[in-house]
Amino acid sequence: MRLAALVVAILLPLGVIFAVLSSFQSNFVFPVASVRTARMPSDARPLDVTAADGQTMLRGLHFAPEAGSRNSRLILGFGGNGWNAIDTAQALRQLYRNDHVVAFFYRGYPPSGGSPSSDALLADAPIVYDAAVKAAGVDQVIAVGFSIGTGVSASLATQRKLAGIVLVTPFDSLERVAADHLPWVPMGPLFRHEIDAASALAKVTAPTAIIAAANDEMIWTRRTDALRAVAKNVVLDQTISGVGHNDIYLHPAFRKAMLEARQKISEFR
């Protein structure tokens with residue numbers, strides 16, 4: 001009886017902890033409440049599309065190239081889990097003014113409807129691609145993913161033809177990213193939002209650019225290295241020194257790397 005009571009005393013608190021982690025992990029993986037709101041830019045065209053569930057509306061925006069631009073491509077952005085689509089699109093617009101730029105709010109991120117999940121992000125990506133291509137009238141598409149968006153971009157590249165992909169602070173597996181930070185939690189049975197970017201990227205032959213942060217405190221170097229190991233046709237692989245997961249975008253080397261990635265993808269044969 002004493003042994004049974006001891007086992008219960010040990011397992012019960014662990015069970016409660018695991019139940020809480022399983023129940024509330026969506027709020028950590030998709031911190032929708034902390035994403036800043038932004039007003040639709042006056043020079044952007046709103047886009048609406050029905051999500052993969054056939055019911056939910058997704059809201060996006062489209063920036064057209066500057067007047068007189070030639071050989072424009074479509075830059076399709078997939079932001080981080082704490083980003084809104086307007087910030088994603090505007091950041092890309094500043095880099096690629098001669099291209100079409102499109103980004104959508106992930107499912108569950110207002111004004112898009114529904115609830116966020118990894119399955120939703122991956123399922124909606126091809127639909128977003130189709131809507132973006134139709135809006136831009138361009139079939140040369142470069143997917144640019146940031147953080148969690150790198151997994152979405154890699155998955156999309158297995159379902160739609162891409163001219164290239166740019167992966168900024170990428171990872172091999174979202175479950176392994178979580179396990180790095182919570183090594184005492186058995187992620188396998190608990191983690192409900194896996195994005196296996198490495199398995200997807202291993203199937204991709206489109207030219208690929210990888211841009212990492214040397215001091216990334218969120219996605220550790222080994223997670224990016226594991227993705228590098230399976231990547232094919234890598235046209236750029238750059239790690240920016242002295243920056244972390246969130247301040248990489250402020251470093252001058254980041255802009256240079258992004259422009260070089262676009263150029264090398266365009267030159268790939």
Side-chain angles (χ1 to χ4, degrees), residues 29-30 75-83 87-88 91-92 95-96 103 106 118 121-122 124-125 128-129 141-160 162-181 187 191 193-251 253-262 264-265 268:
V29 178
F30 302 106
I75 309 297
L76 182 57
F78 296 97
N81 65 345
W83 295 36
D87 288 342
T88 302
L92 292 170
L95 291 164
Y96 308 119
Y106 291 132
S118 60
L121 268 61
L122 299 181
D124 291 341
V128 163
Y129 171 98
V141 182
I142 299 174
V144 180
F146 303 95
S147 192
I148 201 171
T150 62
V152 180
S153 298
S155 174
L156 175 63
T158 68
Q159 302 173 76
R160 295 291 188 272
L162 295 178
I165 54 176
V166 181
L167 307 177
V168 181
T169 61
F171 57 88
D172 61 333
S173 158
L174 198 57
E175 179 184 323
R176 290 175 189 154
V177 170
D180 281 344
H181 293 277
M187 284 296 169
F191 198 70
H193 294 295
E194 170 66 322
I195 297 179
D196 190 347
S199 292
L201 194 63
K203 304 172 186 175
V204 175
T205 58
T208 301
I210 296 173
I211 302 172
N215 302 333
D216 198 323
E217 70 286 358
M218 183 60 64
I219 296 173
W220 296 357
T221 299
R222 63 185 179 188
R223 298 277 65 87
T224 303
D225 286 345
L227 188 75
R228 287 184 170 110
V230 302
K232 302 179 179 72
N233 296 326
V234 177
V235 295
L236 178 75
D237 185 352
Q238 183 169 341
T239 299
I240 299 177
S241 300
V243 296
H245 191 75
N246 293 316
D247 63 349
I248 184 175
Y249 309 104
L250 304 177
H251 198 287
F254 171 73
R255 177 180 178 85
K256 182 179 178 181
M258 292 292 284
L259 295 175
E260 186 177 354
R262 165 70 170 83
K264 289 192 172 184
I265 286 172
F268 181 82

Specify the closest pair of heavy atoms between [X] and [Y], including all atoms of both residues, with the distance to one decimal.
X      : Y      : answer
Phe171 : Leu227 : O-CD1, 3.4 Å
Gly151 : Ile195 : CA-CG2, 3.7 Å
Ala213 : Thr239 : C-CG2, 4.1 Å
Asp180 : Trp220 : O-CH2, 3.1 Å
Pro207 : Ala163 : CG-O, 3.0 Å
Ser155 : Leu122 : CB-CD2, 3.7 Å

Within the 4.5 Å heavy-atom criterion, are [X] and [Y] side-chain neighbours or not?
X      : Y      : result
Leu174 : Phe191 : yes
His193 : Leu121 : no
Leu156 : Ile165 : no
Val144 : Leu76  : no
Tyr106 : Asp124 : no
Thr158 : Val204 : yes
Ile210 : Pro170 : yes
Val166 : Met258 : yes

Could you tell me the separation between the [atom1] atom of [X] and the [atom2] atom of [Y], rounded to the nearest 0.5 Å?
X      : Y      : atom1 : atom2 : value
Asn233 : Phe268 : CG    : CZ    : 3.5 Å
Asp216 : Thr169 : CG    : OG1   : 6.0 Å
Leu236 : Leu259 : CG    : CG    : 11.0 Å
Ile211 : Thr224 : CD1   : OG1   : 12.0 Å
Asn215 : Ile240 : CG    : CD1   : 11.5 Å

Next on the checklist: Under the side chain to side chain donor-acceptor pair (under 3.5 Å) definition, can you give me all pairs with a residue in residues 142-153, not counting sequence neighbours?
Outcome noted: Ser147-His245

Checklist entry - Which residue pairs satisfy the side chain to side chain donor-acceptor pair (under 3.5 Å) criterion with at least one member in residues 195-212, sequence neighbours excluded? => result Asp196-Ser199

Checklist entry - For Ile75 and Val141, what are the C-alpha separation, side-chain angles and deciding distance, and is it a side chain to side chain contact (heavy atoms under 4.5 Å, CB included)? => result CA-CA 6 Å; Ile75 309 297; Val141 182; over 6 Å; no

Checklist entry - So Phe146 and Tyr249, side chain to side chain contact (heavy atoms under 4.5 Å, CB included) or not? Walk me through it. => result CA-CA 10 Å; Phe146 303 95; Tyr249 309 104; 3.6 Å; yes

Item to check | Of all pairs that satisfy salt bridge (Lys or Arg N to Asp or Glu O under 4.0 Å), the ones with a partner from residues 163-172, not counting sequence neighbours | outcome: Asp172-Arg176, Asp172-Arg223

Next on the checklist: Is it the case that over 12 heavy atoms from other parts of the model lie below 6.0 angstrom from the NZ atom of Lys256?
Outcome noted: no

Next on the checklist: Any side-chain to backbone donor/acceptor pair from Asp247 onto Gly244? Under 3.5 Å, distance only.
Outcome noted: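 The answer is yes, because a donor-acceptor pair under 3.5 Å joins these two groups.
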
Checklist entry - Quick check, are the ring centers of Trp83 and Phe30 under 6.0 angstrom apart? => result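 No, ring centres 6.0 Å or more apart.
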
Next on the checklist: Checking Ile142 against Tyr96 for the side chain to side chain contact (heavy atoms under 4.5 Å, CB included) test, could you report, in this order, the C-alpha distance in whole Å, the side-chain angles of both residues, the deciding distance, and whether it holds?
Outcome noted: CA-CA 11 Å; Ile142 299 174; Tyr96 308 119; over 6 Å; no

Item to check | Short side-chain donor-acceptor distance under 3.5 Å, Ser118 and Glu194 | outcome: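 On atom types as modelled, these side chains do not qualify, holding no pair under 3.5 Å.
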
Next on the checklist: Run the salt bridge (Lys or Arg N to Asp or Glu O under 4.0 Å) test on Asp225 and Arg228 for me, step by step, so that the C-alpha distance in whole Å, both residues' side-chain angles and the decisive distance to 0.1 Å come before the verdict.
Outcome noted: CA-CA 5 Å; Asp225 286 345; Arg228 287 184 170 110; 2.8 Å; yes

